[in-house]
Amino acid sequence: MNRHPRRKLTTAVLGACLGVALLGGCSPAPDLDTAVAGQLQTRVASAKELAAAQDFPSALAELQQLNQDVAAAADQGKVSQQRKARIEAAISTIRSELEAALAPAPTPPATDRPLTKDEQERLEEAQKEAEKQREEAQKEAEKQREEAQEEAEKQRKEAQEEAERQQRNRD
């Protein structure tokens, strides 16, 4: 039996919801400043990494900071109100998942007998598998964070080049 379905679910929900909220909905008029998008994507990757490592309190703190960053960007006109609402809804969903993950898991009934050799082997195998999954999740989160940073840098360069082209056209 997989003992970490909640972690996988939380990590998947975190990535999917915030990815859609941050990247989805491309339109002719930008509703999310490219520099802000990069910063938010980096914060999302950090929250996902923390959730994958089962550091749920830190992941929740990262989501809180993300929420504050989105609000500040919206106040500065760098995030449209519609995009802000979608991101906040995704953050709320993920916050609920993380808070549920913080709830203590039900403990199996205690037995007075020692584990059999077969039970001990299964327990050790499950522990090894859980560690392997944790390491894979951390590697994936790191990869996604690097990709988000690269994409943000690419978007910043493209925006800068476009601004320079527009400036040359005006001159």
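Just so it is clear, the structure is predicted and the values come from calculations on it, not from any experiment.
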Exercise for review: Indicate, with yes or no, if L50 and V70 share a hydrophobic cluster defined by side-chain heavy-atom contacts under 4.5 Å among Ile, Leu, Val, Met, Phe, Trp and Tyr.
Suggested key: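 No; tracing contacts between hydrophobic side chains, which count when under 4.5 Å, never links both residues.
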Roughly how far apart are [X] [atom1] and [Y] [atom2], rounded to 0.5 Å?
X: Q82; Y: D31; atom1: CD; atom2: CG; value: 6.5 Å
X: L63; Y: Q68; atom1: CG; atom2: CD; value: 11.5 Å
X: L60; Y: I91; atom1: CG; atom2: CD1; value: 11.5 Å
X: L32; Y: K84; atom1: CG; atom2: NZ; value: 13.5 Å
X: E125; Y: K132; atom1: CD; atom2: NZ; value: 9.0 Å
X: E161; Y: K157; atom1: CD; atom2: NZ; value: 8.5 Å

Review point. Only one of R122, K117, E124 clears side chain to side chain donor-acceptor pair (under 3.5 Å) with Q120; which?
Key: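 Of the listed residues R122, K117, E124, the side chain to side chain donor-acceptor pair (under 3.5 Å) partner of Q120 is E124.
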Mind checking whether [X] and [Y] have side chains closer than 4.5 Å, heavy atoms only?
X: Q64; Y: R95; result: yes
X: L123; Y: E119; result: no
X: L98; Y: S96; result: no
X: N67; Y: E88; result: yes

Point to revise | Evaluation steps, side-chain contact (heavy atoms from CB on, under 4.5 Å), between R43 and D69 | key: CA-CA 9 Å; R43 193 163 298 283; D69 292 352; 2.7 Å; yes
Check your understanding: Going by atom types alone, do Q133 and E129 pair a side-chain donor with an acceptor below 3.5 Å?
Key ->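 Note: Q133 and E129 side chains meet the donor-acceptor criterion.
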**Study point:** Derivation of the side-chain hydrogen bond (donor to acceptor under 3.5 Å, both in side chains) call for E131 and Q127
**Key:** CA-CA 6 Å; E131 178 63 21; Q127 289 170 337; over 6 Å; no
Exercise for review: Over all heavy atoms of both residues, which pair between A59 and A51 is shortest? Give the atoms and the distance, please.
Suggested key: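 Taking every non-hydrogen atom into account, CB-N, 3.9 Å.
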Point to revise | Residues R165, E162: salt bridge by 4.0 Å N-O rule | key: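 E162 and R165: salt-bridged.
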Practice item. Mark yes or no for whether S46, through its side chain, and T42, through its backbone, hold a donor-acceptor pair below 3.5 Å. Key: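 No; judged by distance alone, with no hydrogens or angles, the pair does not exist.
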